[in-house]
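Working notes for the structure below.
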Amino acid sequence: MQEAIAGVLPPECELTKVELEGPQVVVYVKNIQAFYSDENLITKIASKVRKKVLLRVDASELTPPTKSLARIKELIPEDAGVQDVKFDPIFNEIVIEALKPGLVIGKGGTVLKQIVLNTGWSPRVLRAPTSPSEIEKAIRNSLLVASEERKKFLNSLGKKMTLNSGSSCDWIKITMLGGFKEVGRTCMLVQTPRSNVLVDCGMNTDTSDPARAYPYLTAMNLALEQLDAVILSHAHLDHCGFVPYLYAYGYDGPVYCTPPTRDLAILLQQDCLNVMNSEGKGCPFGEKDIKKQLNHFIVRDYGEVTDVTPEIRFTFQNAGHILGSSLVHLHIGEGLHNLVFTGDLKYGRTSLLDPADTRFPRIETLIIESTYGGRKDLLPWFNDCEARLIQLIHETIAQRGKVLIPVFAVGRAQEIMISLEQKLSAENVPVYIDGMSKEASAIHTVYPEYLKRNIQRRILQNNSPFDNPMFKHVVSKERKSIAESEEACVVLAPSGMLSGGTSVEFLKMMANDPKNSLIFVGYQGAMTLGRRIQAGERDVPMLNEKQKLDSLKINMQVHTVEGFSGHSDRSQLMAFVRNLRPHPQRILTMHGDENKTDDLARSLSHMMRVEARGPMNLDTVRLR
Ligand SMILES: [Zn+2]
Ligand SMILES: [Zn+2]
């Protein structure tokens with residue numbers, strides 16, 4: 001590869017080395033001025049080596065940090081709002097955190113180019129959250145501290161990926177390890193003669209039965225060391241919750257996902273660990289495993305084609321479900337087979353995200369979620385459901401009651417916050433936000449390019465809807481006084497299915513008062529407390545203060561407003577498949593109760609005139 005690159009580079013660039021860092025190639029030169037005399041050089045190298053190419057200046061030519069810092073200050077405009085500048089001598093990078101990264105980058109990257117030309121350091125620009133975020137700070141620091149370890153990992157992964165290249169791929173199979181004919185623990189193994197790749201590795205946090213909580217990893221008949229990669233569709237725990245376990249038991253390969261998925265996954269896993277430990281359940285992984293996983297993330301934006309093994313490459317496309325959620329397009333065996341795995345999918349209007357993409361270069365097999373795949377699973381229009389939610393809140397507030405809305409901290413919380421901000425901010429109704437929603441919202445402001453245009457614009461103008469003063473973040477000692485005060489208010493608290501978390505704490509304190517309302521806005525999993533109350537139970541088992549089993553009477557009003565879901569309803573799922581281009585030749589359904597996966601498969605088969613079915617966990621399907 002070094003020879004190939006040397007052939008393209010003019011000798012005056014003084015190429016010193018070529019390194020592989022995971023799926024990308026890094027070219028080190030001494031003379032950066034000479035390199036930039038040809039604008040198209042990077043593109044020429046990339047098309048020669050058919051990989052993503054990064055350029056770095058050889059360490060011997062880097063300007064010392066203090067001098068570089070002074071130059072950088074002159075180059076970056078004042079109003080970019082630079083918050084922090086750190087040097088990373090392992091990657092020859094300078095990490096610049098700013099409120100307005102666009103100004104650090106400059107028009108067409110002009111400022112960045114000046115930074116490299118003047119200092120030699122390659123700038124990496126990060127957006128600062130609009131409100132302080134502990135999790136962003138922790139992730140950014142940990143990554144910097146672990147640079148040396150990360151570099152070693154990326155170099156050895158790069159070498160490993162070149163082995164076996166060019167050998168032929170004559171079969172492809174997938175094995176369903178979790179999340180088929182059920183919701184939770186989504187996990188699928190993709191295999192070719194020389195690749196073993198997991199797509200998603202989730203955990204079902206709504207059950208205490210270990211036989212139903214984790215994917216069937218032992219059924220792989222592989223040691224975890226033999227896995228080549230994990231690819232994540234999105235950050236919800238039923239898709240990524242079990243990844244740290246892999247690191248606890250011998251896996252040390254990469255996890256591919258979008259940048260927001262990485263940050264949200266760390267947030268949710270950390271919270272899950274804290275909750276499980278505090279409830280005395282014990283968690284199958286520890287903090288050090290989450291940290292080890294963090295050092296093995298390789299992030300990719302939508303549309304970037306990335307080699308995972310010599311036989312498998314993938315591209316993420318927008319899934320419309322939560323921040324950073326992806327449809328995973330796998331291209332296997334140099335054109336032999338193309339598979340699209342939807343993860344969770346929204347093909348409809350939401351306040352936060354654009355609907356899922358439907359255009360792919362090729363698709364032979366589609367694996368699609370079916371949470372709302374049943375014949376009767378039709379959700380109301382978004383505007384109607386938003387109006388209904390506001391009406392219910394108004395009614396409760398008018399009788400000086402309190403509204404409890406159990407929400408997932410990531411996704412539903414932000415959707416509801418945007419609606420409340422638009423419809424209630426003039427009315428001085430306090431909205432208490434509990435749990436990690438504050439951190440999750442801050443992460444949203446770090447990646448505005450993943451959000452809908454109007455929200456993106458507001459964040460860029462430093463007017464993030466999540467920072468509206470109507471939202472009051474709850475600290476744990478305030479919960480009791482919020483629940484017991486006379487103040488009419490709205491409380492958003494996780495978990496969304498009342499399966500633990502502070503929504504249950506609030507429920508216990510608010511359930512008795514008929515002036516209060518409980519409003520469900522998201523999917524309620526089978527067997528969860530949320531589903532039972534939604535179905536009409538008004539006397540539910542509950543642990544009392546002495547941790548003894550007692551019962552809780554639900555005297556508060558109970559409502560369901562379902563159109564806020566981040567999942568497609570039945571008609572949206574059908575429309576998504578109808579509008580997919582090209583059409584798939586085979587459809588497999590997943591991520592739904594048994595009757596829904598079967599029902600959706602039957603209807604899709606009829607509509608598309610292709611083979612469609614809902615496989616079970618542990619089924620293997622040969623694709624080629
Ligand atoms: Zn999800
Ligand atoms: Zn899911």
Side-chain angles (χ1 to χ4, degrees), residues 176-188 198-207 212-215 231-243 257-258 260-265 267-269 271-272 316 318-328 341-348 350 352-353 355-356 367-373 377 379 406-416 436-437 440 443-444 450 494-497 499 521-528 530-531 562 564-569 572-573 576 588-593 596-597 600 614 617:
M176 322 310 172
L177 300 178
F180 287 78
K181 289 203 195 299
E182 65 178 353
V183 177
R185 59 166 168 177
T186 299
C187 188
M188 182 179 84
L198 283 186
V199 180
D200 282 351
C201 188
M203 172 160 96
N204 187 347
T205 50
D206 297 319
T207 173
R212 303 177 63 91
Y214 313 123
I231 303 175
L232 298 182
S233 67
H234 68 290
H236 279 149
L237 290 173
D238 60 318
H239 298 260
C240 77
F242 211 48
V243 178
C257 63
T258 60
T261 297
R262 176 195 64 194
D263 299 0
L264 292 172
L267 176 71
L268 289 173
Q269 291 165 350
D271 179 72
C272 170
F316 290 135
N318 173 33
H321 169 63
I322 60 166
L323 177 73
S325 64
S326 307
L327 309 166
V328 183
F341 177 92
T342 65
D344 292 350
L345 155 80
K346 179 70 173 181
Y347 190 57
T350 72
L352 207 55
L353 304 165
I367 304 182
I368 185 170
E369 70 128 312
S370 25
T371 320
Y372 290 107
D377 289 335
L379 298 175
V407 281
F408 291 109
V410 173
R412 250 19 50 209
Q414 286 73 33
E415 286 282 345
I416 302 289
M436 305 155 297
S437 304
I443 295 175
H444 281 67
Y450 281 80
S495 74
M497 305 186 198
S499 52
V521 291
Y523 175 75
Q524 303 299 309
M527 318 295 290
T528 60
R531 173 79 68 97
E562 267 192 327
F564 281 105
S565 177
H567 294 277
S568 305
D569 73 352
Q572 290 166 348
L573 289 169
F576 171 78
L588 303 172
T589 55
M590 61 165 178
H591 200 287
D593 297 345
K596 307 207 173 192
T597 48
L600 183 68
N617 286 335

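Remember, it's 1-based here, ligands and their atoms both numbered in the order they're listed.
Counting only N and O atoms by type, the side chains of His239 and His591 include a donor and acceptor under 3.5 Å apart.
When distances from the Zn ion (ligand 2) to the N, O or S atoms of Asp238 are compared, OD2 comes out shortest. Among the heteroatoms counted here (N, O or S) of Asp344, OD2 is the one nearest to the Zn ion (ligand 2).
Residue contact annotation: His567 places no N/O/S atom under 2.8 Å from the Zn ion (ligand 1).
Between Tyr347 and Phe576, the ring-plane angle classifies as perpendicular under the 30° and 60° cut-offs.
To the nearest 0.5 Å, the span separating OG1 on Thr261 from CD1 on Ile231 amounts to 12.5 Å. Residue Asp344 holds its CG atom at 4.5 Å from NE2 of His567, rounded to the nearest 0.5 Å.
Seen from the Zn ion (ligand 1), atom NE2 on His234 and atom ND1 on His236 lie at an angle near 100° (rounded to 10 degrees).
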